[in-house]
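Quick notes on the structure that follows.
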Amino acid sequence: MNKKINFIILSINAYANYETRDMAGSMRVRNLFNPLIENEDVSINNLIMLDLLSIQRDGQNQSTVPGVNCLSIGYRSVTNPISVIRFLQRGKNFIKAHKKQNAQNILYNYQYPDIRNFLLLIYAKYKGFKIVFDFVEDKKHDRANTWNEKLQKRLSIALLKIIPFYADLIFVISDYLLKEVTKITGNKIPVFILPISVDFKNIIAQKKINEEATIKLFYGGSFAQKDGLEYLLEAVNAMGKNNYNFKLILTGKAEPADRERLLPLITDNPFVDYRGFLSTDEYFKLLNSVDICCMTRNNSAFANAGFPFKLGEFLAAGKLVIASRIGDIEKYLEHKENAYLIKPESTQEIIEGLTYYMNNLALLMPTMGAKARLVAEKYFDAKVSSRFILEKCSNI
């Protein structure tokens, strides 16, 4: 490739040296761009929009990767004009400073335009950047509790409706989003599916069954309503009455409302081992040690619009996987071939899936587990996705 490509990643923390709440989003973007860092024709920088819970990071610019500059910017309230002006000025200065001559300059924005990033997107457009979006959910169906969240949601949806006037390219994670976004763009700008991505360097494919007496079940991720964790916990409690020797290991963080909803099902539960929020290294070490991974999302419109990020990691690790039949799942997976697929929100089908796996662990691990790994290699390899991004962005 002879054409120089200069990326500024906007809105999401992909390379700053602290972990954020949106781990799936951060890892998606990092997986997509990591293979490009070694390409001498590509440069990458990261401008991070802070939420209120991360505002103490305001002004930090430490990066985990040499050559990738990061800056975290935020403001405490839209009612504080000095804070907002300072926020916008620092964002504009970062974009201006990292524009490159004789290169295709791309502003890659993770998720929707919103109250924080829109003016910076327009400024970048004015400065000659091509504007690229990456959508992984349908904002219409996202939960908004506070007045600030409701305001941001309404504004994002309004700004999405006029996106053909300022965007140059859009990536989406699912067929559903492809149809929804294409309705808005009217084929005026290109829209492509960009599925979940897996960095295989972190994952060891399981080749034999766990020799420990206890079968390890695993769920890692958010505890939101879309994740359907209550159905998994109900199934686990039912399985415990049948004298199976197992433990469900949970990792991740829960919002206060979700914690209150699920805590009674987790606290003092003899079948559950809740590890909390793990570092990236701890998470992959744990993933590589478990037997059965569960992705039991509910049947909400929000869940069906997206695609579970961690499912790609479960498949890549060669695990036995239970997954709900939502969205694009059956586009990639086949029941009892490379995963056990269940009806969403069905505790009974989760029980049947767990029973099927536990009764046939030695037989299924080297067969279904290996086929699960092949699915991840075929569809979700981050190196392939990175080349796809580079190709599409170089042609706009």
For the residue pair Ile266 and Leu250, what are the closest heavy atoms and their distance? CD1-CD1, 3.8 Å

Do Asn45 and Cys70 touch side chain to side chain, with heavy atoms closer than 4.5 Å? no

Would you call Asp291 and Lys216 a salt bridge, taking side-chain N to carboxylate O under 4.0 Å as the test? no

Given the rule in the salt bridge (charged side-chain N to carboxylate O under 4.0 Å, His left out) test, do Lys383 and Asp199 qualify, once you have shown the distances and angles that lead to the verdict? CA-CA 8 Å; Lys383 291 181 180 178; Asp199 184 349; over 6 Å; no

Determine whether Tyr15 and Ser63 make a side-chain contact, defined as any pair of heavy atoms from C-beta on separated by less than 4.5 Å. yes

Could you walk me through whether Phe271 and Phe246 pass the ring-ring contact (aromatic ring centres under 6.0 Å, His included) check? CA-CA 7 Å; Phe271 309 116; Phe246 71 92; 5.7 Å; yes

With ring centroids as reference points, do Tyr112 and Phe135 lie under 6.0 angstrom apart? yes

Looking only at non-hydrogen atoms, find the nearest pair between Ala16 and Thr64 and report the distance. O-CG2, 3.8 Å

Lys310 NZ/CZ over Tyr283 ring centroid, <6.0 Å and within 45° of normal: yes

Lys392 charged N/C atom sitting above Phe192 aromatic ring, 6.0 Å / 45°: yes

Looking at Glu377 and Arg373, is any side-chain nitrogen of the basic one under 4.0 Å from a carboxylate oxygen of the acidic one? yes

Plane angle bin for Phe7 and Phe33 - parallel if under 30°, tilted between 30 and 60°, otherwise perpendicular: perpendicular

For Asp381, check salt bridge (charged side-chain N to carboxylate O under 4.0 Å, His left out) against everything at least two apart and list the hits. none

So, are Lys140 and Glu180 salt-bridged, with charged N and O less than 4.0 Å apart? yes

Can we call the ring centroids of Phe118 and Tyr166 under 6.0 Å apart? yes

Side chains of Ile193 and Phe171: closer than 4.5 Å at any heavy-atom pair? no

Considering only NZ, NE, NH1 and NH2 on the basic side and carboxylate oxygens on the acidic side, decide whether Lys343 and Glu349 come within less than 4.0 Å. no

Salt-bridged, Lys247 to Asp273, with N to O below 4.0 Å? no

Classify the ring geometry between Tyr357 and Tyr340 as parallel (under 30°), tilted (30 to 60°) or perpendicular (over 60°). perpendicular

Look at the rings of Tyr332 and Tyr379 and say which category their plane angle falls in: under 30° parallel, 30 to 60° tilted, over 60° perpendicular. perpendicular

I want to check something: taking the side chain as every heavy atom from C-beta on, are Leu194 and Ile173 in contact at a cut-off of under 4.5 Å? no

What about the rings of Phe314 and Phe218, do their centers lie closer together than 6.0 Å? yes

Asp114 vs Lys153, test: salt bridge (charged side-chain N to carboxylate O under 4.0 Å, His left out). Steps then yes/no. CA-CA 8 Å; Asp114 62 26; Lys153 177 178 176 178; over 6 Å; no

